[in-house]
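Read the structure below first, then the notes.
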Amino acid sequence: MGGKTGNTMDSHRLLAFAERTAGSKVQNALVDELFLNYFGQEKFINDPDVLLAAATKVGLDTQAAADVIHDKTKFHDDVLDQYRAYARGVRGVPHFIIGDHHVSGAQPPAVLKDRILRSFA
């Protein structure tokens with residue numbers, strides 16, 4: 001593996017755009033394409049041309065994708081929200097923060113009850 005590495009904020013912004021405008025199926029296809037580009041073809045996934053080619057290949061609107069790639073403010077807050085959630089310990093869906101307790105993923109009602117009661121203790 002000899003691909004160039006670097007900041008991937010632009011690819012994450014593009015992925016947020018894909019999910020919001022075309023749904024998770026297209027977003028997943030874009031992830032697959034970017035992984036193939038990086039791991040299989042040693043492309044730099046922060047290169048605007050690589051990002052645009054991947055977006056176009058999975059069926060995203062080329063002009064809209066180019067606008068996202070070139071405007072660093074588009075979908076920036078979406079990505080930061082994801083980073084913040086991850087930093088707070090969010091690892092599954094649904095995720096509840098009850099007081100100081102985190103409950104991640106589908107849990108039996110007894111677990112939620114226990115966390116709620118602990119938050120009042």
Side-chain angles (χ1 to χ4, degrees):
M1 183 168 64
K4 186 176 177 184
T5 61
N7 187 315
T8 57
M9 177 58 96
D10 288 346
S11 61
H12 283 91
R13 290 185 312 98
L14 186 62
L15 288 164
F17 162 75
E19 195 274 331
R20 170 114 29 106
T21 61
S24 60
K25 190 172 185 176
V26 172
Q27 183 190 42
N28 289 338
L30 182 58
V31 168
D32 289 345
E33 183 63 21
L34 292 173
F35 278 15
L36 174 65
N37 285 187
Y38 180 70
F39 293 111
Q41 300 169 350
E42 297 186 349
K43 293 181 180 177
F44 181 40
I45 59 169
N46 200 41
D47 179 327
D49 293 334
V50 171
L51 291 172
L52 188 57
T56 301
K57 184 173 181 178
V58 301
L60 290 170
D61 178 88
T62 302
Q63 186 56 54
D67 290 345
V68 170
I69 293 165
H70 296 293
D71 182 346
K72 304 292 186 192
T73 65
K74 291 189 178 195
F75 294 91
H76 185 264
D77 289 343
D78 295 56
V79 175
L80 290 182
D81 286 345
Q82 293 168 4
Y83 288 159
R84 285 184 198 109
Y86 190 81
R88 291 193 69 186
V90 176
R91 302 289 188 277
V93 175
H95 187 92
F96 302 97
I97 301 172
I98 304 167
D100 293 332
H101 303 281
H102 289 253
V103 180
S104 191
Q107 300 290 329
V111 171
L112 293 173
K113 179 182 176 184
D114 176 66
R115 295 306 185 274
I116 291 169
L117 292 174
R118 283 187 191 189
S119 73
F120 291 111

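Counting begins at 1 with the first residue of the sequence.
Following chains of ILVMFWY side-chain contacts shorter than 4.5 Å, one can reach F39 starting from V31, so the two form part of one hydrophobic cluster.
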Got a list of side-chain donor-acceptor pairs under 3.5 Å for residues 14-21, not counting sequence neighbours?
unit_1, atom_1, unit_2, atom_2, d
R20, NH2, D78, OD1, 3.4
R20, NH2, D78, OD2, 2.2
T21, OG1, F17, O, 2.8

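When all heavy atoms of A65 and A55 are compared, the pair lying nearest together is CB-CB, 3.8 Å. Closest non-hydrogen pair, D71 versus T73, comes out as OD1-OG1, 2.6 Å.
Annotation: side chain to side chain contact (heavy atoms under 4.5 Å, CB included) contacts of A29 (sequence neighbours excluded): V58. By the side chain to side chain contact (heavy atoms under 4.5 Å, CB included) test, N28 is found to be paired with no residue, residues two or more places apart in sequence or in another chain being considered.
Rounding to the nearest 0.5 Å gives a distance of 11.0 Å between CG of D77 and CZ of R13. Remark: K57 NZ to T62 OG1 distance equals 13.5 Å, nearest 0.5 Å. The distance from atom CD1 of I45 to atom CG of N37, rounded to the nearest 0.5 Å, is 8.0 Å. The CD1 atom of I69 lies 5.0 Å from the CG atom of L52; values are rounded to the nearest 0.5 Å.
In this structure, L34 and L51 have side chains that are in contact, with non-hydrogen atoms separated by less than 4.5 Å.
With hydrogens and angles ignored, the 3.5 Å screen pairs a side-chain donor or acceptor of H12 with a backbone N or O of T8.
Listed by first and then second residue, the salt bridge (Lys or Arg N to Asp or Glu O under 4.0 Å) pairs that reach into residues 104-121 are D114-R118, sequence neighbours excluded.
Think of V79 as one node in a network of Ile, Leu, Val, Met, Phe, Trp and Tyr side chains linked at under 4.5 Å; its network also takes in M9, L80, Y83. Cluster partners of I116 are F96, I98, V103, V111, L112, F120, counting Ile, Leu, Val, Met, Phe, Trp and Tyr whose side-chain heavy atoms approach within less than 4.5 Å, directly or via other members.
Counting heavy atoms of neighbouring residues, nucleotides and ligands inside a 6.0 Å radius, atom NZ of K72 exceeds 12 of them.
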